[in-house]
Asker: 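Can you keep this structure in mind? I'll have questions shortly.
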There are 2 protein chains.
Amino acid sequence: MSILEYRIIGMSLRHALLGLLSQGSASGYDLLKVFEISLANVWPATQSQLYGELGRLADAGLIEVVAEGPRGRKAYGLTEAGMAELRRWLVEVPPEQLHRSDMLLRVFFLGVVSTEQARAYLEEQGAVATRTHEHLDTIRPIVAEDDRDLSVYGRIALEWGLRFTRMQQEWAEWAAREIEAHTSRAPSETSA
Amino acid sequence: MSILEYRIIGMSLRHALLGLLSQGSASGYDLLKVFEISLANVWPATQSQLYGELGRLADAGLIEVVAEGPRGRKAYGLTEAGMAELRRWLVEVPPEQLHRSDMLLRVFFLGVVSTEQARAYLEEQGAVATRTHEHLDTIRPIVAEDDRDLSVYGRIALEWGLRFTRMQQEWAEWAAREIEAHTSRAPSETSA
DNA sequence: TTCTGACGTTCCTGTAGTGACATGTCGAAA
DNA sequence: TTTCGACATGTCACTACAGGAACGTCAGAA
């Protein structure tokens, strides 16, 4: 049996923009703020990427300028074709199951530092996860209170974050214990 | 190019190579096989990236050619400087906490498809996670049996995968139920 | 009035990542 | 002997991404 086979179908910035515009028209600047705040942990994007992509989407007829404002502001809205593309992506294109994981890569090579350093590293990771988890927990009531029709998806995304951070935290603790157990069974020279 | 002007922020392909070479010398072709098989879901890399990076690492003095074989084969090994850099990266450089998540991005916009489609999507995600989990579970005894000194880190990485997939699966089931509950409370028109 | 700061877009440079193609060596089979 | 497939490295063009400089507009404060 071969290791998982998957295809990487990139370009989700495009669909992030379509998704945001499906919830109302906005300018590049507006969208940039959304990326800086609410979408930062999900799909970070920079201004140079964003404006470029908006231009390409407009050329492709997926979005169009629906209003112009002061200072050259252009508000974009989704076209029919854009909405169709968004739906198609959501339903038909399989999501990426796995992505590059800096952390996992490190774990593969933790053996080259001392056991003590490896344990300290994992404890730090657990602590970071705990902090993030607590932060998410803080904003949970705020999201829950927002009872617009769509907010169920906001809650689902938040819950993912909560579960992910808790998992990471428990894993880090388990891993640190595992290293300790391994060390006491077979004490190796501290190699760094 | 001197080591001084060599940038070391981000770019974990570099450290993946150093990590692999820390476990024994290997040629570009050997390393490519490792990326295709065991490192595929952690840090995918292509051949064009790999050979280029090997050249740059050699120029920077972090690795060196330790043997030459037939068909122009060059086996690389880690230098002292390379090992030092690997240790530095592991211990000093903080890992990225968050990365792009295609899946979460989709959840944010699930509202634009019908409730039925959204539920189906989440169930599919749960099923995929379950399959991956089962696959990982299958290879668990193989990893456990390999009792070299370093294998504890292999086990830790595997455990991360197991916990991650279980978390994802439980979350998808929870989310599907959540959507169902939301729908029965406030039945909305199927919008697609 | 002038200055400042937020708004808003455009462009630039450099690096990272992808897929395809080009080049060549070698062993074994037909 | 020819040919084919695995081995092995190298290069190319293109896209994605990051960071920021440059530039103009407008509202309100000093």
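Residue numbering restarts at 1 for every chain, and letters A, B, ... go by the order of the sequence lines.
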Asker: Give a yes/no answer on whether the side chain of B:R14 brings an N or O atom under 4.0 Å of OP1 or OP2 in C:dG17.
Answerer: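 Answer is no, no contact under 4.0 Å.
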Asker: Going by number, which of residues 43-58 of chain A have a non-hydrogen atom under 4.0 Å from DNA chain C?
Answerer: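 Correct list: A:Q47, A:S48, A:Y51.
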Asker: Hey, what do you get for OH (A:Y121) to CE (A:M103), rounding to the nearest 0.5 Å?
Answerer: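 With rounding to 0.5 Å, OH (A:Y121) is 7.0 Å from CE (A:M103).
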Asker: Within 45 degrees of the ring normal and closer than 6.0 Å to the centroid, is that where the cationic atom of A:R106 sits relative to B:W89?
Answerer: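 A:R106 over B:W89 ring: yes.
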Asker: Donor-acceptor pairs under 3.5 angstrom involving side-chain atoms of residues 74-81 of chain B: please list them, not counting sequence neighbours.
Answerer:
residue: B:T79; atom: OG1; partner: B:G61; partner atom: O; Å: 2.7
residue: B:T79; atom: OG1; partner: B:L62; partner atom: O; Å: 2.9
residue: B:T79; atom: OG1; partner: B:A81; partner atom: N; Å: 3.4
residue: B:T79; atom: OG1; partner: B:G82; partner atom: N; Å: 3.1

Asker: For D:dA6, does either OP1 or OP2 sit under 4.0 Å from a side-chain N or O belonging to B:K33?
Answerer: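 No, B:K33 has no side-chain N/O under 4.0 Å of OP1/OP2 on D:dA6.
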Asker: Quick check: does any side chain N or O of B:H133 sit under 3.5 Å from a backbone N or O of B:T165, one acting as donor and the other as acceptor?
Answerer: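 No; zero donor-acceptor contacts below 3.5 Å.
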Asker: Nearest nucleotide by nearest heavy atom, which residue falls closer to the 5' end of DNA chain D, B:K74 or A:G72?
Answerer: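 It is B:K74, whose closest nucleotide lies nearer the 5' terminus.
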Asker: Specify the separation, in whole Å, of atom CD of A:E36 and atom P of C:dG8.
Answerer: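 So the CD-P distance, A:E36 to C:dG8, works out to 13 Å.
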Asker: Provide the closest heavy-atom pair for A:A45 versus A:F35 in the form atom of the first, atom of the second, distance.
Answerer: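 Scanning both residues completely, I find the closest heavy atoms to be CB-CD2, 3.8 Å.
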Asker: For A:A118 and A:I179, which heavy atoms make the closest approach, and how far apart are they?
Answerer: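 The answer is CB-CD1, 3.9 Å.
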Asker: With distance as the sole test, does A:R14 use its side chain to make a donor-acceptor pair with the main-chain N or O of A:E53 at under 3.5 Å?
Answerer: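 Flag not set: sc A:R14 to bb A:E53 has no pair under 3.5 Å.
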Asker: Nearest to the side chain of B:R71, which nucleotide is it out of C:dG17, C:dT9, C:dC26?
Answerer: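 Closest of the options to the side chain of B:R71: C:dC26.
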Asker: Within residues 59-69 of chain A, find the residues that approach DNA chain D with a heavy atom at under 4.0 Å, and present them sorted by residue number.
Answerer: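 None - not one residue of the stretch has a heavy atom sitting under 4.0 Å from the strand.
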Asker: Just by distance, do the side chain of A:R87 and the backbone of B:V112 share a donor-acceptor pair under 3.5 Å?
Answerer: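 Side chain of A:R87 to backbone of B:V112: a pair is present.
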